[in-house]
Amino acid sequence: MEKKHELVFATRNTHKIEEARAIVGDRFAILGLDEIGFDLELPENGNTLHENALEKLRTFVEATGRNAISDDSGLEIECLNGRPGVHTAHYSGSRNANLNMLRVLSEMSQCTVRTARFVTVLACNFQGKEFIFEGDVQGVITQEIRGSEGFGYDPIFIPEGYNQTFAELSAQVKNTLSHRAIAFRKLAEWLVSVD
Ligand code: ITT
């Protein structure tokens, strides 16, 4: 069998790693930071998802020289002028997903237009070549928390064309149509072209 390329996913978010494996794991061996014993904190000081994805990637590649990817993702809500955006991970002041969702729902109590999009900016350094991919999925924000699959803001996001939140849909469905699925499929095509 052909050997798979190893890509270190510069994250400690195990949900992201599982999703990446489910999307492209048959073609690439994806390893998380904890699996390779990398224990430095990766900085996220940027003002945009792009800046953060590149900062995490470059810090890791400079330290190790390994082929790597990093993902900075966010939820952009129309009625909140694009917030939480780059602040998605800590929107309530903590990383607690319930508190983050409750802050969003409370800020949206007067919003009749509930459209939003999830965005992933995926940065890759493969054999010294760097590239950025983006994926997004449109949807609407619910009035309440629904479902227990997935992670983060999945229980309040209904993707376009569905009636259930990402946390009510199966992982298989999410991994076909999510922001991350789109970005990782673009990455997989690019890797085939530069390999
Ligand atoms: P790393 O920086 O270590 O990769 P993180 O959890 O901090 O992991 P981000 O900086 O990209 O990830 O923060 C994005 C936040 O957005 C994340 O903590 C979740 O709350 C949320 N998020 C990202 N992707 C999501 C998804 O597919 N479904 C639901 N929420 C998501």
Side-chain angles (χ1 to χ4, degrees), residues 7-23 30-36 38-60 68-77 80 82-105 116-124 132-142 145-159 162 164-185:
L7 285 178
V8 179
F9 194 168
T11 183
R12 296 197 158 80
N13 182 325
T14 51
H15 299 282
K16 285 185 176 182
I17 297 170
E18 272 170 36
E19 288 188 1
R21 286 192 182 130
I23 300 161
I30 294 178
L31 306 168
L33 292 178
D34 292 334
E35 284 161 288
I36 64 160
F38 184 88
D39 46 20
L40 299 179
E41 223 23 74
L42 294 177
E44 277 185 277
N45 298 316
N47 294 315
T48 63
L49 299 177
H50 275 80
E51 285 174 11
N52 281 339
L54 280 176
E55 191 178 19
K56 286 188 273 192
L57 178 74
R58 288 176 180 165
T59 307
F60 176 77
I69 51 178
S70 76
D71 145 346
D72 207 46
S73 300
L75 180 62
E76 296 177 351
I77 300 173
L80 302 182
R83 294 193 315 277
V86 74
H87 306 293
T88 300
H90 308 95
Y91 198 47
S92 63
S94 83
R95 297 184 72 87
N96 183 290
N98 262 323
L99 295 179
N100 286 337
M101 288 188 287
L102 290 173
R103 171 155 183 203
V104 163
L105 293 179
R117 72 171 190 142
F118 259 129
V119 196
T120 286
V121 177
L122 178 60
C124 175
I132 289 231
F133 308 89
E134 197 173 310
D136 73 338
V137 58
Q138 300 286 334
V140 292
I141 301 296
T142 52
I145 291 173
R146 285 170 31 190
S148 54
E149 295 291 316
F151 70 102
Y153 296 74
D154 282 342
I156 59 168
F157 184 85
I158 300 180
Y162 291 79
Q164 292 155 295
T165 67
F166 266 153
E168 293 173 313
L169 292 164
S170 67
Q172 209 182 357
V173 172
K174 181 182 177 192
N175 290 333
T176 308
L177 55 96
S178 78
H179 45 313
R180 190 161 292 104
I182 293 166
F184 270 85
R185 286 201 296 263

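Below, each value reflects all heavy atoms present in this structure, side chains not excepted, and no hydrogens, waters or symmetry copies. Counting convention: from 1, in listed order, for ligands and their atoms alike.
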Undergrad: Could you tell me whether a side-chain N or O of Glu55 sits under 3.5 Å from a main-chain N or O of Asn45, the two making a donor and an acceptor?
TA: yes

Undergrad: Could you walk me through whether Ser73 and Asp71 pass the side-chain hydrogen bond (donor to acceptor under 3.5 Å, both in side chains) test, one step at a time?
TA: CA-CA 6 Å; Ser73 300; Asp71 145 346; 2.6 Å; yes

Undergrad: My understanding is that only residues two or more places apart in sequence, or in another chain, count here; which of them pass side chain to side chain donor-acceptor pair (under 3.5 Å) with Arg83?
TA: Tyr91, Glu107

Undergrad: Give, for atom OG1 of Thr88 and atom CZ of Arg95, the distance between the pair rounded to the nearest 0.5 Å.
TA: 11.0 Å

Undergrad: Which protein residues come within less than 4.0 angstrom of ligand 1, counting heavy atoms only?
TA: Thr11, Arg12, Asn13, Lys16, Glu44, Lys56, Asp71, Asp72, Ser73, Thr88, Ala89, Arg95, Phe118, Phe151, Gly152, Tyr153, Asp154, Lys174, His179, Arg180

Undergrad: Which residues satisfy the ring-ring contact (aromatic ring centres under 6.0 Å, His included) test with Phe133, sequence neighbours excluded?
TA: Phe131, Trp190

Undergrad: List the residues meeting side chain to side chain donor-acceptor pair (under 3.5 Å) with Glu51, not counting sequence neighbours, and say none if there are none.
TA: none

